[in-house]
J.: 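Starting off with a structure, shown below.
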Protein chains: 2
Amino acid sequence: MLLSAGCEYAIQALLYLESNEQDELKTVVSIAKETSIPPSFLAKIVQRLVAEDVLVSGKGPGGGVALARPAAEITLLDIVQAIDGLGFKSQCVLGFPDCNDKVPCPVHSYWGELREDIAYMFAAKSLKDFASEITPAVRRRLRTGRNKR
Amino acid sequence: MLLSAGCEYAIQALLYLESNEQDELKTVVSIAKETSIPPSFLAKIVQRLVAEDVLVSGKGPGGGVALARPAAEITLLDIVQAIDGLGFKSQCVLGFPDCNDKVPCPVHSYWGELREDIAYMFAAKSLKDFASEITPAVRRRLRTGRNKR
DNA sequence: CGGAATAAGGACTATTTAATCCGTTTTTAT
DNA sequence: ATAAAAACGGATTAAATAGTCCTTATTCCG
């Protein structure tokens with residue numbers, strides 16, 4: 001698994017928010033319900049996303065969270081960075097503690113290219129890019145059951 | 001982290017064995033020492049690799065383990081499969097439980113390509129391919145300290 | 001045969017990650 | 001003002017992963 005559970009949830013929740021943008025705040029509980037993400041866990045993740053300026057929030061009745069900026073300006077990389085950090089961009093895939101460009105592990109150069117591609121994809125894709133793809137019907141079909149982990 | 005700790009250790013240990021092939025069995029303890037892998041954990045991993053026919057073993061004095069076949073015939077994919085299984089080839093990178101070719105998540109196609117590339121690299125690289133790269137000096141420099149995790 | 005060296009295997013412990021719970025604060029509406 | 005609705009934040013629990021330990025089984029060597 002490349003991304004942590006929390007990070008996957010974060011992306012799923014934000015995709016949901018994007019596909020439902022109505023300039024209104026959505027409560028964490030309602031998001032959790034719609035996305036089948038454990039509500040109390042999602043609450044923690046959302047806290048993080050607010051702290052990292054990916055979401056904005058409001059307390060009290062009518063409160064909730066919303067994207068902090070236009071969907072086009074929130075990339076997958078922003079989300080990954082907020083939740084998991086950027087370790088995936090530097091860690092050796094074989095786990096050698098001191099693997100780097102000067103003292104590379106056997107697959108360093110091969111993996112380096114793939115890593116670049118992955119980072120590029122994350123950086124290139126914003127929530128906006130998925131606007132058309134995540135319809136309610138698709139969302140339901142992507143999650144007929146519970147999350148497995 | 002794409003691979004589990006155990007899987008990373010397995011690869012490291014096998015790379016070491018390959019670079020030391022002398023048609024003799026090496027004890028798990030000596031491998032652990034040379035590679036700085038926790039010995040009792042490595043013992044478990046080695047058990048698995050023996051069960052999966054990646055290593056052969058012999059008990060008693062003079063016993064130990066050795067590659068079950070020529071290094072050219074042991075790919076990284078063999079090792080990953082033995083320890084972590086092939087989940088990485090099918091799991092949705094965004095964690096959608098039911099993501100597949102028919103009902104794809106937003107990044108399904110992009111990730112699919114990268115996944116293919118990763119799987120291809122694992123399948124294409126055998127221990128033999130690293131023979132020249134893992135000299136004792138390099139091995140030491142890849143691990144000046146402990147494993148970090 | 002007896003002892004030592006080694007892998008095998010099972011049970012256990014520790015650490016990290018995932019997830020829950022509950023009291024506090026802020027805000028809104030009545 | 002008061003009550004309710006929400007996020008906030010800390011403490012706790014649960015589950016998965018990582019790692020240890022100890023006993024047993026096998027094999028070799030004398």
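Proteins get letters first, then strands, A, B, ... in listed order; numbering begins at 1 in each.
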J.: Ignoring backbone atoms, test whether Tyr9(B) places a side-chain nitrogen or oxygen under 4.0 Å from the OP1 or OP2 oxygen of dA18(D).
T.: no
J.: Can you tell me how far apart NZ (Lys44(A)) and CG (Leu42(A)) are? Round to the nearest 0.5 Å.
T.: 11.5 Å
J.: dA7(C) P sits how many Å from Leu25(B) CG, rounded?
T.: 9 Å
J.: Measuring from Leu2(A):CG to Asp84(A):CG, what's the distance to the nearest 0.5 Å?
T.: 8.5 Å
J.: What is the separation between atom CG on Leu3(A) and atom P on dA18(C), rounded to the nearest whole Å?
T.: 11 Å
J.: Ile83(B) has an atom CD1; how far is it from atom P of dA18(D), in whole Å?
T.: 11 Å
J.: Roughly, in whole Å, what's the span from CE in Met1(A) to C1' in dT16(C)?
T.: 12 Å
J.: Could you tell me if the side chain of Phe122(B) sits less than 4.5 Å from the side chain of Gln81(B), heavy atoms only?
T.: no
J.: Name every residue in residues 46-57 of chain B that has at least one heavy atom under 4.0 Å from any atom of DNA chain C, in order of residue number, or write none if there are no such residues.
T.: Gln47(B), Val50(B), Ser57(B)
J.: For Lys26(B) and dA5(C), give me the distance from atom NZ to atom P, rounded to whole Å.
T.: 18 Å
J.: Expressed as a whole number of angstroms, how long is the span from Ile37(B):CD1 to dG19(D):P?
T.: 10 Å
J.: If we only count heavy atoms from C-beta on, is the Leu94(A) to Pro106(A) side-chain gap below 4.5 Å?
T.: yes
J.: The criterion is ring pair (Phe, Tyr, Trp, His ring centres under 6.0 Å); which residues satisfy it with Tyr110(B), sequence neighbours excluded?
T.: none
J.: What is the separation between atom CD on Glu8(A) and atom P on dA18(C), rounded to the nearest whole Å?
T.: 9 Å
J.: Atom CD in Glu8(A), atom CD1 in Ile45(A): separation rounded to 0.5 Å?
T.: 10.0 Å
J.: Could you pull out all residues at least two apart from Phe41(B) that satisfy ring pair (Phe, Tyr, Trp, His ring centres under 6.0 Å)?
T.: Tyr9(B)
J.: Identify whether any heavy atom of Thr27(B) sits under 4.0 Å from a base atom; if not, whether one sits that close to sugar-phosphate; answer base, sugar-phosphate or nothing.
T.: sugar-phosphate
J.: Can you find a pair of side-chain heavy atoms, one from Arg115(A) and one from His108(A), that are under 4.5 Å apart?
T.: yes
J.: Would you please name every residue forming a side chain to side chain contact (heavy atoms under 4.5 Å, CB included) with Ala66(B), sequence neighbours left out?
T.: Leu25(B), Val56(B)
J.: Choosing from dC21(C), dA6(D), dA7(C), which nucleotide comes nearest the side chain of Val28(B)?
T.: dA7(C)
J.: At what distance, to the nearest 0.5 angstrom, does NZ of Lys89(A) lie from CD1 of Ile118(A)?
T.: 11.5 Å
J.: Which letter, B, S or -, goes with each nucleotide of nucleotides 23-30 of chain D from 5' to 3', with contact meaning a protein heavy atom under 4.0 Å?
T.: ---BBB--
J.: Specify the separation, in whole Å, of atom CD1 of Ile45(A) and atom P of dT17(C).
T.: 14 Å
J.: Rounded to the nearest 0.5 Å, what separation is found between the CD atom of Gln12(A) and the CD1 atom of Ile79(A)?
T.: 11.0 Å
J.: Check whether any side-chain heavy atom of Ser4(B) sits under 4.5 Å from a side-chain heavy atom of Ile83(B), and report yes or no.
T.: yes
J.: Between which residue ranges does DNA chain D form stems of three or more consecutive Watson-Crick or G-U wobble pairs, both distances under 3.5 Å?
T.: C:1-30 with D:1-30
J.: Base of dG19(D), side chain of Lys44(B) - is there a donor-acceptor contact under 3.5 Å?
T.: no
